[in-house]
Amino acid sequence: MELSYYPGCTLKTTARNFETTALAVLELFDMQARELPEWYCCGVNFSQVQDNLMLQLAPLRTLMRAKQTGSRQLLTLCAMCYNTLRRAQQFIGEDEARRATINDFMDHEGGDFTGDEVEIIDILTLLKQIGPDKLQARITRPVSLQVAPYYGCLLLRPRTVAIDDPNNPQIMENLLSAVGCQPVAYPFRTDCCASYQIVNEPQIVHSQTKKIVTSAVQHGAELLVVLCPLCHYNLDAVQAEIARAERTFKTVPVLYFTQLLALIFGLPAALNDFGTHRIDPVPTLKAKGLL
Amino acid sequence: MKKIGVFICHCGINIAGTVDVKGIAEKLKNYPGVVFIQDYKYMCSDPGQNLIREQIRELGLEAVVVAACSPTLHEATFRRAVESVGMNPYECEIANIREQCSWVHHDKTAATAKAEIIIKSVIEKARLDEDLAPVQVPITRRALVIGGGVAGMQAALNIANSGFEVLLVEKNPSIGGRMAQLSETFPTLDCSQCILTPKMVEVAQHPRIKLLTYSELTDVSGFVGNFRVTIRQKARYVDWQKCTGCGVCMEKCPVKVASEFDSQLANRRAIYTPFPQAVPNKPVLDRPHCTYFKTGKCQICKKLCPFDAIDYDQQDVVLTEEVGAIVVATGYDLYGLEHLPEYGAGNIPDVIDGLTFERILSASGPFSGEVRRPSDGKVPQEVVFIKCVGSRDPENHYPYCSKVCCMYTTKHAMLYKHRVPDGQAYVFYMDVRADGKGYEEFYQRAAEEDKVLYLRGKVAKMYRDNGKIIVCGYDTLSGENVEIGADLVVLATAIRPAQGAVELAKLLKIQVDQHGFLTEAHPKLRPVESLTAGIFLAGCAQSPRDIPDTVAQAAGAASMVTTLFARECLYHEPITTGVNEELCSGCGICVAVCPYDARQLHREKHVVEVNEVLCEGCGACAAACPSGAAQQRNFKDAQLINMIKAILT
């Protein structure tokens, strides 16, 4: 089965590990994610401005490109891209006047665009659709591992784009259980990592990261998994900073969800560049027999 | 030709502003049959009505058409007016040129043309109207009250004390309802049971109240004054004639079941009364939990009963009763914690709802009134109360205000402080709605004297940590995030209609709103009546309300019942659909379409017969009848065809 794939900027740079492992995992289930021939930055938070249609053009242009591929589904890996594209889709989907303006403005690029031609799908939902039985059947390195799932905001909020119950999501827990890991229950899995505050007010990110990681570790986490490059940076790199400043601080390696899956499914470790992790996951992975 | 008078109302400028009233009067002066036509500023006023009366007397009018507002407003007024001078009231017709014309149009020319058409068509109807007389219906002076909470008890007592018999049906083993579970009541802090149990006893001992507990309504037929109801009395497996309520069986029964009455904080037995002051104070056997029924062994209760009252062979009893009026007082349930993932979805043992805290506070509750938390029995030092949980939250839960939470939370916090003076009570609130007598003062007392800390804002999440519940909220007044390590959290969850209330409403053919609360006939002027004649409403089944409001409404419903019973008989609108036996082929199509079961096929004559009392004049049968045998009185086919012609020509 083929589906379109929109990587987004970070997946080609700092979050390469996410892309290589995710695409390899999907191949195992005979799913070919075809990267869009042309794509742009998703527009990030700028496109969430409600009163300036110009700022919606980036995500909408991406959706038009996806429509032109003829594929019904568009996969995004990054949680921010997922959120941005879904909200842009809803933004014009719910308002005929906006849709008309956009179509007039972009008529030479496609026109006649309704916004709902393509289903934007995230990797967790895709894995859920594959089903726990098929996932389980692929386990080649059975592992006993306490994994703390970290959802953050973008896959769950606002409610209209949520991939699961925003207050009590279970999708990651169920997938982790399916591949033989023990999901760790801890209270901050849906808290915000503080996102772009890392630029202006890094101390907010510090306190969030400290709270999230400390709680996960206290509840027995040996590994933390994420689906967002920015969450990864805030939880991984900032954790390393905290660890440097505080000797007693207990760290936990942070992997993209698909990195863990790829290892459990026996895909080559070389798909990963573990050198990009600030909290080195290699000792834990070795101890658990995943490397 | 029938002599018809037409009277056109200006309704101030309501009609005359958009419709050329005088022009129409001039134009229709020579319309066939019209012997008098006049406009007047306010036709419903006394001089207006007199104008009609005078012309009937002077010209001997045989029918009257009043072109004015909607018939729902003044049809009765004008019909009374014509009746007072000897005209049959059903010869008076209303042409609605206000709601259906002047109010909904701007263009005066078009509106005038439309008003003229409306009036002409009603003249055509009046031309063929017949004199009719209301159908007389007898009344069964006996009431059914559904629900034995404070609302149902109050309604039953008031009706019974007015001299009428009452059948009080309660689905639980005891009457008392939610109020029996409460500890103390706001704003006076008198003990709920102390004020309720005398009422319960009065109900039980009242010579005119027939109490049917552990019973449910299974069928209703008939109409106002003449309902026939079927009630299923569930098997109790205890012969109450023999049982003295000594309680030996309950003491010795080996099966423990979490008590519904005590919010699962304590256990009852498989043979039980819900609480020690239950009325009737005789046990029922809970069959699904009984060891004997599950395994065929045990029978301890039977062996020990000194009066041989245990009867494992007892069956449900089905009773059929005749009543003239019904009061529905089915009460409420609380919105379940499982709907609140943000507050632990019911999985944190020390996050409880308001009724559970009532049981904790109650002197006859599982902790004898000492404030202890469910998980470990510890006395909580920090207690967080959260209001508007599930209420006033249209995005996630219910949009409405549950009305009683502001005051009961104030009471909870206050009683907690009285019992644990060194503890701290926090209340997260959106507003404090203290709109009853003495309520505001009560709230002030809690905040000032009892030092309850009110925080304006909502709680976003809570989680367990080291035996504490960490409550994360936001104080909108200080703009600060607040984190409280609480020992106990009490959620004022939304009030919603009791389980089964919607199904019951369907059985009674009365309406409910989108949340399942019973709909009143008019939100202001008929607040205790349903839209079905003879069925009245009381208590939280209609909408959330506190005890004083419930008691007042129940008394109101009872007074509606006794007002009904004070009449000799009832009169039913004669606009019914009869049968022309010569035309009727007995096909029975009209029997199938009648929503009121008013039509029946006569087996021998092989024609359809009509029960005029049941017929509501909806006209479904007349439309369905293929031979024209079913003709609705004063809406005959000939009249409708003439009306259509008048509109189209």
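The chains referred to below are lettered A, B, ... by the order of the sequence lines, with proteins before strands, and numbering in each begins at 1. Remember, it's a predicted structure, so these values are computed and weren't measured experimentally.
For B/Lys411, the side chain to side chain donor-acceptor pair (under 3.5 Å) partners at least two apart in sequence or on another chain are B/Glu358. Every side chain to side chain donor-acceptor pair (under 3.5 Å) that B/Thr410 has, sequence neighbours left out, goes to B/Tyr454. By the side-chain contact (heavy atoms from CB on, under 4.5 Å) test, B/Lys451 is found to be paired with no residue, residues two or more places apart in sequence or in another chain being considered.
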Which N or O donor-acceptor pairs, by atom type, sit under 3.5 Å across chain B and chain A?
from     : atom 1 : to       : atom 2 : distance (Å)
B/Asn396 : OD1    : A/Arg159 : NE     : 3.3
B/Asn396 : OD1    : A/Arg159 : NH2    : 2.4
B/Lys461 : NZ     : A/Pro187 : O      : 2.5
B/Lys461 : NZ     : A/Asp191 : OD1    : 2.7

